[in-house]
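The chain is numbered in sequence order, starting from 1.
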Amino acid sequence: MTTLFISDLHLEESRPDITGAFLTFLRDKALGVERLYILGDFFEAWIGDDERTPLQEQVAAALREVRDTGTDIYLMHGNRDFLIGEDFCARAGATLLDDPTVVDLYGTPALLMHGDSLCTADVEYQKFRANMRNPQTVKMLLSRPLKDRQLMARQLREISMAKNQGKAETIMDVTPEEVVKELEAHNVQLMIHGHTHRPAIHELEANGKPARRVVLGDWHENVWWLEASAGQPVALKHQPLADF
């Protein structure tokens, strides 16, 4: 039995190479595994399940094919696609997960997160995140006409890119103390997340015992995934995007 984890694909029409790599990944890696977890920023932007672009429909159909072979698919919101809803998940055969969520990974409890909530040094972003995730804000956003939401998404992306260029790298990475806090709050020794685009396996201490934090990579240049199997240590793997 095998479980796969991916995140930060940032699927969009302008990057057909990433979409192609993802479809190949599904066919070559995900078919026949027990579970596939997608931990946020699956899409570069998501303005509501009612948009239904050709890319979104293609991805939903591909996920459904994998689910129909017996692979359970789980999807977590990222900071780019937090408006993904139950309608898309139903079409894709996926289950929407809360952030954070603890799962049983072959006898080891694992804390799954997108990872943006761990970046507490970026105070400005955390205020923005709290406002955008407020249920009333979400309801207001989804009630606006589709064209208005499309324009808003483009504007927010431009603002985000401009602000990030002026931020220190340490501000946009996780706060170590917050990592330990979350591990201890959930009484686990393993955390898996994405968001930071800094793939690695970090050794640390939490709950008075050794712990690990696995950071998934983004798919800008490489295909990154985490592989977990019963009786085996988790393995963070990658291949050049061009090889898929």
**OP:** Apply the test side-chain contact (heavy atoms from CB on, under 4.5 Å) to residues Phe5 and Tyr74: give CA-CA distance (whole Å), side-chain angles for both, the deciding distance (0.1 Å), then the verdict.
**Re:** CA-CA 9 Å; Phe5 299 85; Tyr74 298 92; over 6 Å; no
**OP:** For residues 30-39, pull every pair meeting side-chain hydrogen bond (donor to acceptor under 3.5 Å, both in side chains), keeping only residues two or more places apart or in separate chains.
**Re:** Thr3-Arg35, Glu34-Tyr106, Arg35-Tyr37
Just distance, no hydrogens or angles: give the donor-acceptor pairs under 3.5 Å from side chains in residues 181-194, sequence neighbours left out.
from   : atom 1 : to     : atom 2 : distance (Å)
Glu184 : OE2    : Asn207 : N      : 3.0
His186 : ND1    : Glu182 : O      : 2.9
Gln189 : OE1    : Asn207 : ND2    : 2.7
Gln189 : NE2    : Ala206 : O      : 2.9
Gln189 : NE2    : Lys209 : O      : 3.4
Gln189 : NE2    : Pro210 : O      : 3.0
His193 : NE2    : Arg213 : NH1    : 2.9

**OP:** Decide yes or no on side-chain contact (heavy atoms from CB on, under 4.5 Å) for His114 and Asp41, but give the supporting numbers first.
**Re:** CA-CA 8 Å; His114 173 56; Asp41 282 3; 3.6 Å; yes
Original post:
Looking at residues at least two apart in the chain, or sitting in another chain, which of them share a ring-ring contact (aromatic ring centres under 6.0 Å, His included) with His220?
Top reply: none
**OP:** May I ask you to decide whether Arg80 forms a salt bridge with Asp116, counting only side-chain N to carboxylate O separations under 4.0 Å?
**Re:** no
Original post:
Can you check side-chain hydrogen bond (donor to acceptor under 3.5 Å, both in side chains) on His10 and Asp218, steps first, answer last?
Top reply: CA-CA 8 Å; His10 296 272; Asp218 69 283; over 6 Å; no
Original post:
Out of curiosity, does Met152 fall in the hydrophobic cluster containing Trp46 (side-chain heavy atoms, cut-off under 4.5 Å, transitive links)?
Top reply: yes
**OP:** Hey, could you give me the CD1/CG distance between Ile38 and Asp81, rounded to the nearest 0.5 Å?
**Re:** 9.5 Å
Subject >> Derivation of the side-chain contact (heavy atoms from CB on, under 4.5 Å) call for Leu226 and Leu4 >> reply: CA-CA 6 Å; Leu226 180 71; Leu4 303 177; over 6 Å; no
**OP:** Measure the spacing between NE2 of His197 and CG of Asp173 and express it to the nearest 0.5 Å.
**Re:** 11.5 Å
Original post:
So which heavy atom on Pro109 is nearest to which on Val102, and how close?
Top reply: CB-CG1, 4.2 Å
Original post:
Taking atom CG of Leu75 and atom SG of Cys89, what is their separation to the nearest 0.5 Å?
Top reply: 5.0 Å
Original post:
Heavy-atom distance under 4.5 Å between the side chains of Leu216 and Trp224, does that happen here?
Top reply: no
Subject >> Flag if over 12 foreign heavy atoms under 6.0 Å of CD, Gln136 >> reply: no
Original post:
Do Gln239 and Phe244 come within less than 4.5 Å of each other through their side chains, counting heavy atoms only?
Top reply: yes
Subject >> Taking every non-hydrogen atom, the tightest pair across Glu86 and Asp49 >> reply: N-OD2, 3.7 Å
Original post:
Do you know which two heavy atoms are closest between Leu112 and Leu97, and how far apart they sit?
Top reply: CD1-CD1, 4.4 Å
**OP:** List in chain and number order the residues that pass salt bridge (charged side-chain N to carboxylate O under 4.0 Å, His left out) with Glu13, two or more places apart in sequence or in another chain; answer none if no residue qualifies.
**Re:** none
Original post:
Should side-chain heavy atoms under 4.5 Å link Ile, Leu, Val, Met, Phe, Trp and Tyr, which residues sit in the same cluster as Leu146?
Top reply: Ile47
Original post:
If every non-hydrogen atom of Pro176 is compared with every non-hydrogen atom of Val174, which pair is closest and at what distance?
Top reply: CD-O, 3.5 Å
**OP:** Would you please name every residue forming a salt bridge (charged side-chain N to carboxylate O under 4.0 Å, His left out) with Asp8, sequence neighbours left out?
**Re:** none
Original post:
Checking Gln56 side chain against Thr53 main chain: does a donor-acceptor pair fall under 3.5 Å?
Top reply: yes
Identify each donor-acceptor pair in which a side-chain atom of residues 22-32 lies under 3.5 Å from a protein atom, sequence neighbours left out, and give them as a table.
from  : atom 1 : to    : atom 2 : distance (Å)
Thr24 : OG1    : Gly20 : O      : 3.0

Original post:
For Ile6 and Leu36, what are the C-alpha separation, side-chain angles and deciding distance, and is it a side-chain contact (heavy atoms from CB on, under 4.5 Å)?
Top reply: CA-CA 8 Å; Ile6 59 176; Leu36 170 65; 4.3 Å; yes
Original post:
Should Leu156 and Leu151 be counted in the same cluster of Ile, Leu, Val, Met, Phe, Trp and Tyr side chains packed under 4.5 Å apart?
Top reply: no
Original post:
From Trp225 CH2 over to Ser7 OG, what is the distance, rounded to the nearest 0.5 angstrom?
Top reply: 13.5 Å
**OP:** Could you tell me which residues satisfy ring-ring contact (aromatic ring centres under 6.0 Å, His included) with His77, sequence neighbours excluded, listed by chain and number?
**Re:** none
**OP:** List the atom of Cys119, the atom of His195, and the distance in Å for their closest heavy-atom pair.
**Re:** SG-CD2, 3.8 Å
**OP:** May I have all residue pairs that pass side-chain hydrogen bond (donor to acceptor under 3.5 Å, both in side chains) and include part of residues 137-149, sequence neighbours excluded?
**Re:** Asp50-Arg149
**OP:** Not counting sequence neighbours, which residues clear salt bridge (charged side-chain N to carboxylate O under 4.0 Å, His left out) with Glu65? List them please.
**Re:** none
Original post:
Looking at CG of Asn79 and CZ of Phe128, how far apart are the two atoms once the value is rounded to the nearest 0.5 Å?
Top reply: 9.0 Å
Original post:
Looking at side-chain heavy atoms only, is the closest gap between Asn222 and Leu241 below 4.5 Å?
Top reply: no
Original post:
In chain order, what residues pass the salt bridge (charged side-chain N to carboxylate O under 4.0 Å, His left out) check against Asp68, with sequence neighbours excluded?
Top reply: Arg64
**OP:** Provide the full list of side-chain hydrogen bond (donor to acceptor under 3.5 Å, both in side chains) pairs with a residue in residues 88-102, sequence neighbours left out, each pair given once.
**Re:** Glu57-Arg91, Asp87-Arg91
Original post:
Do Arg129 and Ser117 have side-chain heavy atoms sitting under 4.5 Å apart?
Top reply: yes
Subject >> Distance (rounded to the nearest 0.5 Å) between Ile73 CD1 and Thr71 OG1 >> reply: 6.5 Å
Subject >> Within-4.5 Å side-chain heavy-atom neighbours: Arg212 and Val234 >> reply: yes
Original post:
Are Phe42 and Leu11 side-chain neighbours, meaning at least one heavy-atom pair lies under 4.5 Å?
Top reply: yes
Subject >> Any Leu111 side-chain heavy atom under 4.5 Å of Met113 side chain >> reply: yes
**OP:** Apply the test side-chain hydrogen bond (donor to acceptor under 3.5 Å, both in side chains) to residues Gln232 and Glu227: give CA-CA distance (whole Å), side-chain angles for both, the deciding distance (0.1 Å), then the verdict.
**Re:** CA-CA 9 Å; Gln232 300 293 326; Glu227 191 169 302; over 6 Å; no
Original post:
Can you tell if the side chain of His202 reaches within under 4.5 Å of the side chain of Val214, non-hydrogen atoms only?
Top reply: no
